[in-house]
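For reference, the structure discussed in these notes is given below.
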Amino acid sequence: MFDTAQLEELQNNPKHAIEIYEEIVNKYPNTEFAKKSKERIEKLNQPAQSK
């Protein structure tokens, strides 16, 4: 599932990536993948940096 979420990010689909990361956190809360998923959710929810 984590790989699928990363693929969604690469395909510029952050909304779906976040949904998958949230599912990982909910289903597998005490795993390394949940920790990484939380980090990705936080990063994807940050406003885009303007140049």
Side-chain angles (χ1 to χ4, degrees):
M1 285 177 72
F2 191 82
D3 290 341
T4 302
Q6 288 183 312
L7 180 61
E8 290 296 329
E9 281 192 66
L10 289 173
Q11 293 177 336
N12 201 24
N13 193 357
K15 184 178 180 230
H16 192 224
I18 289 170
E19 290 172 2
I20 297 169
Y21 288 134
E22 288 174 342
E23 186 176 351
I24 293 168
V25 171
N26 290 330
K27 286 187 175 182
Y28 313 103
N30 298 317
T31 65
E32 187 64 27
F33 284 116
K35 179 183 174 191
K36 291 178 181 180
S37 293
K38 288 177 188 175
E39 292 169 359
R40 295 307 306 147
I41 291 167
E42 187 176 310
K43 179 73 172 173
L44 290 169
N45 280 327
Q46 290 178 353
Q49 299 285 333
S50 51
K51 292 182 180 182

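All residue numbers refer to positions in the sequence shown, counting from 1.
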Item to check | Distance-minimising heavy-atom pair for A5 and A17 | outcome: O-CB, 3.5 Å

Checklist entry - Among all residues two or more places apart in sequence or in another chain, which pass the salt bridge (charged side-chain N to carboxylate O under 4.0 Å, His left out) test with K35? => result none

Checklist outcome for this item: For residues 10-20, the side-chain hydrogen bond (donor to acceptor under 3.5 Å, both in side chains) pairs (sequence neighbours left out) are E8-N13, E8-H16

Item to check | Cluster companions of L10 among Ile, Leu, Val, Met, Phe, Trp, Tyr (side-chain spacing under 4.5 Å) | outcome: none

Item to check | Which residues share a side-chain contact (heavy atoms from CB on, under 4.5 Å) with N45, sequence neighbours left out | outcome: I18, I41

Checklist outcome for this item: In short, salt bridge (Lys or Arg N to Asp or Glu O under 4.0 Å) pairs touching residues 36-45 with sequence neighbours left out are E9-R40

Item to check | Partner set under ring pair (Phe, Tyr, Trp, His ring centres under 6.0 Å) for F33, not counting sequence neighbours | outcome: F2

Checklist entry - What are the two closest non-hydrogen atoms of L44 and P14, and how far apart are they? => result CD2-CB, 4.1 Å

Item to check | Summary of salt bridge (Lys or Arg N to Asp or Glu O under 4.0 Å) pairs that have at least one residue in residues 21-33, sequence neighbours excluded | outcome: E23-K27

Checklist entry - Looking at A34 and Y28, what are the two nearest heavy atoms and their distance? => result CB-O, 3.1 Å

Next on the checklist: Between L7 and I20, is there shared hydrophobic-cluster membership here, with clusters defined by ILVMFWY side-chain heavy atoms closer than 4.5 Å?
Outcome noted: no

